[in-house]
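To start, the structure itself, in structure tokens.
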Amino acid sequence: MAIILVRAASPGLSAADSISHQGTLQCSTLLKTKRPAARRWMPCSLLGLHPWEVGRPSPAVYSSLAVNPAGEAVVSSEQKVYDVVLKQAALLKRQLRTPVLDARPQDMDMPRNGLKEAYDRCGEICEEYAKTFYLGTMLMTEERRRAIWAIYVWCRRTDELVDGPNANYITPTALDRWEKRLEDLFTGRPYDMLDAALSDTISRFPIDIQPFRDMIEGMRSDLRKTRYNNFDELYMYCYYVAGTVGLMSVPVMGIAPESKATTESVYSAALALGIANQLTNILRDVGEDARRGRIYLPQDELAQAGLSDEDIFKGVVTNRWRNFMKRQIKRARMFFEEAERGVTELSQASRWPVWASLLLYRQILDEIEANDYNNFTKRAYVGKGKKLLALPVAYGKSLLLPCSLRNGQT
């Protein structure tokens with residue numbers, strides 16, 4: 001059950017907000033002031049479910065088996081990620097067996113009223129940049145709602161390190177310091193009020209540090225990598241920068257008590273939606289990324305379609321490009337379909353924001369098609385009217401029985 005914040009390019013924080021001259025990571029803008037909306041994180045949601053078997057990877061394997069230069073098969077990115085999924089699911093199941101009512105670290109130097117202020121600021125940031133999702137969280141319990149806000153803000157801050165206007169000043173060493181700061185907040189030693197909100201959140205829910213570390217690894221990838229040889233490589237990138245958010249959020253959003261889905265399948269579904277969202281962002285932002293010297297498309301599939309990097313940089317819509325885009329959109333929709341089946345497995349109070357985000361974000365693919373696949377100079381955008389229409393539809397879908405129950409009744 002995840003927020004799923006998916007990346008697209010963003011203006012980010014000011015240079016002063018990211019790294020001080022002493023090398024300490026800062027985010028004072030998010031702490032105190034408002035700023036123009038960033039575009040790199042788009043709030044979406046999560047899960048669609050795989051078959052209901054326990055501990056079994058999804059049969060919908062879209063990433064190819066990796067092969068080394070000697071022609072030997074190696075573990076694919078999907079299997080590597082699924083191993084992380086299993087670990088997160090096991091953590092949640094252990095917590096459900098022995099729940100902790102309040103495991104707030106005793107050495108976290110912040111009074112309760114300070115935590116309220118910290119969470120309130122997280123809510124303000126979520127409302128400012130993800131209003132539809134924010135409104136949907138109002139149906140959730142206060143504890144779950146505030147926890148989702150805290151996760152959203154940490155993800156946003158992390159992404160802005162490499163996609164803000166100060167990105168040219170960010171180095172691998174700076175990301176190492178951000179990871180050390182992450183480790184500190186996981187042990188109850190937050191640096192600032194926004195860190196404190198997340199530190200309190202991870203003390204209350206069975207949230208593991210690994211997805212957070214993996215997201216930082218995705219930021220490192222953005223510093224050193226601008227091409228992806230095949231979909232297996234791209235899949236891992238999508239996991240790092242988007243699928244991780246689903247794994248962070250599953251314990252907070254909650255699973256419906258009546259659901260018959262396995263915990264593993266719920267986490268896998270959250271991951272599927274993260275992949276779908278990020279693929280959608282990539283397809284929407286081809287032209288924008290190209291102007292930054294980046295191509296987030298499988299190089300082997302471009303070659304098979306008779307296209308090259310030069311075609312991307314020229315930005316001319318041809319029949320070859322249209323055919324290539326049709327295949328890419330089909331793949332993204334397969335992940336969305338896999339994810340959609342599982343939204344109803346969430347606790348009912350969490351379903352509305354998830355459905356609203358999923359329905360709105362999936363429409364971006366429709367808009368790309370409506371633009372005749374011109375994602376070089378036209379930005380696929382879901383208008384305000386369509387957004388408003390999606391809200392009652394999403395609410396109606398939030399009332400459905402879990403898919404696992406409906407399947408069992410047929």
Side-chain angles (χ1 to χ4, degrees), residues 2-5 7 10-20 24-45 102 104-105 107-161 163-166 177-178 181-205 207 212 215-216 245 248-249 251-253 350 353 357:
I3 310 177
I4 305 278
L5 309 173
R7 304 180 28 149
S10 105
L13 300 175
S14 67
D17 292 323
S18 266
I19 297 187
S20 70
T24 303
L25 290 157
Q26 306 284 343
C27 278
S28 60
T29 304
L30 288 180
L31 283 167
K32 298 177 182 177
T33 63
K34 299 202 173 198
R35 56 186 170 77
R39 294 169 298 152
R40 191 80 187 164
W41 280 104
M42 303 299 293
C44 262
S45 349
D102 188 353
R104 182 174 179 264
D107 60 343
M108 189 162 71
D109 188 19
M110 176 170 280
R112 292 284 181 173
N113 61 339
L115 273 176
K116 180 181 184 304
E117 182 182 353
Y119 278 120
D120 287 346
R121 180 58 190 138
C122 288
E124 291 171 2
I125 295 168
C126 187
E127 181 181 17
E128 182 179 355
Y129 301 110
K131 192 172 185 65
T132 299
F133 186 84
Y134 170 81
L135 291 174
T137 64
M138 294 297 103
L139 296 179
M140 300 169 66
T141 66
E142 181 182 19
E143 185 178 36
R144 292 182 186 275
R145 177 172 66 248
R146 299 195 313 175
I148 285 298
W149 294 345
I151 291 172
Y152 175 92
V153 169
W154 185 89
C155 292
R156 190 176 188 91
R157 298 172 85 186
T158 301
D159 179 77
E160 302 245 351
L161 293 175
D163 282 316
N166 57 304
R177 289 196 294 271
W178 186 249
R181 179 167 162 172
L182 169 71
E183 293 168 356
D184 287 343
L185 73 83
F186 259 80
T187 56
R189 300 194 302 274
Y191 179 83
D192 60 23
M193 64 186 296
L194 299 182
D195 281 355
L198 182 60
S199 190
D200 184 66
T201 289
I202 59 94
S203 76
R204 297 174 182 278
F205 296 91
I207 300 172
F212 294 83
M215 177 173 285
I216 296 173
V245 190
M248 298 171 192
S249 306
V252 175
M253 301 294 279
S350 301
S357 297

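Looking at heavy atoms from C-beta onward, S249 lies in side-chain contact with I148 at the 4.5 angstrom threshold. E128 has its side chain out of reach of Y134: every pair of non-hydrogen atoms, C-beta onward, lies at least 4.5 Å apart. Here the side chains of F212 and F186 are in contact, with some heavy-atom distance below 4.5 Å. Within the 4.5 Å cutoff, the side chain of T201 has no heavy atoms near those of the M248 side chain. Under the 4.5 Å side-chain criterion, counting only non-hydrogen atoms from C-beta, R157 is in contact with W178. Using a 4.5 Å cut-off on side-chain heavy atoms (C-beta onward), W154 and T158 make contact.
Minimum interatomic distance between M193 and A118 (heavy atoms only, all atoms of both residues): O-CB, 3.1 Å. The shortest non-hydrogen separation linking S350 to M253 is OG-O, 2.6 Å. Across all non-hydrogen atoms, the minimal contact from I207 to P251 is CG1-CG, 4.2 Å. The two atoms that bring C122 and A197 nearest to each other are SG-CB, 3.8 Å, heavy atoms only. Taking each heavy atom of I202 and L185 in turn, the nearest pair found is CD1-O, 4.2 Å.
We find the CZ-CG distance between R146 and D120 to be 7.5 Å, quoted to the nearest 0.5 Å. Rounding to the nearest 0.5 Å gives a distance of 8.0 Å between CD of E143 and CG of D200. Taking CE of M215 as the reference point, atom CG of D159 lies at 7.5 Å (rounded to 0.5 Å).
For L135, the side chain to side chain contact (heavy atoms under 4.5 Å, CB included) test picks out K131, with sequence neighbours left out. Remark: D184 engages K180, R189 in a side chain to side chain donor-acceptor pair (under 3.5 Å) (not counting sequence neighbours).
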Taking it one step at a time, do Y152 and Y129 satisfy side-chain contact (heavy atoms from CB on, under 4.5 Å)? CA-CA 10 Å; Y152 175 92; Y129 301 110; 3.2 Å; yes

Does the side-chain contact (heavy atoms from CB on, under 4.5 Å) test come out yes or no for E142 and Y119, once each step is laid out? CA-CA 10 Å; E142 181 182 19; Y119 278 120; over 6 Å; no

Can you list the steps and then say if V153 with C126 is a side-chain contact (heavy atoms from CB on, under 4.5 Å)? CA-CA 7 Å; V153 169; C126 187; 5.7 Å; no

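Without hydrogens or angle criteria, S199 side chain to A196 main chain gives no donor-acceptor distance under 3.5 Å.
Salt bridge annotation for E124-R121: present, with a cationic side-chain nitrogen under 4.0 angstrom from a carboxylate oxygen.
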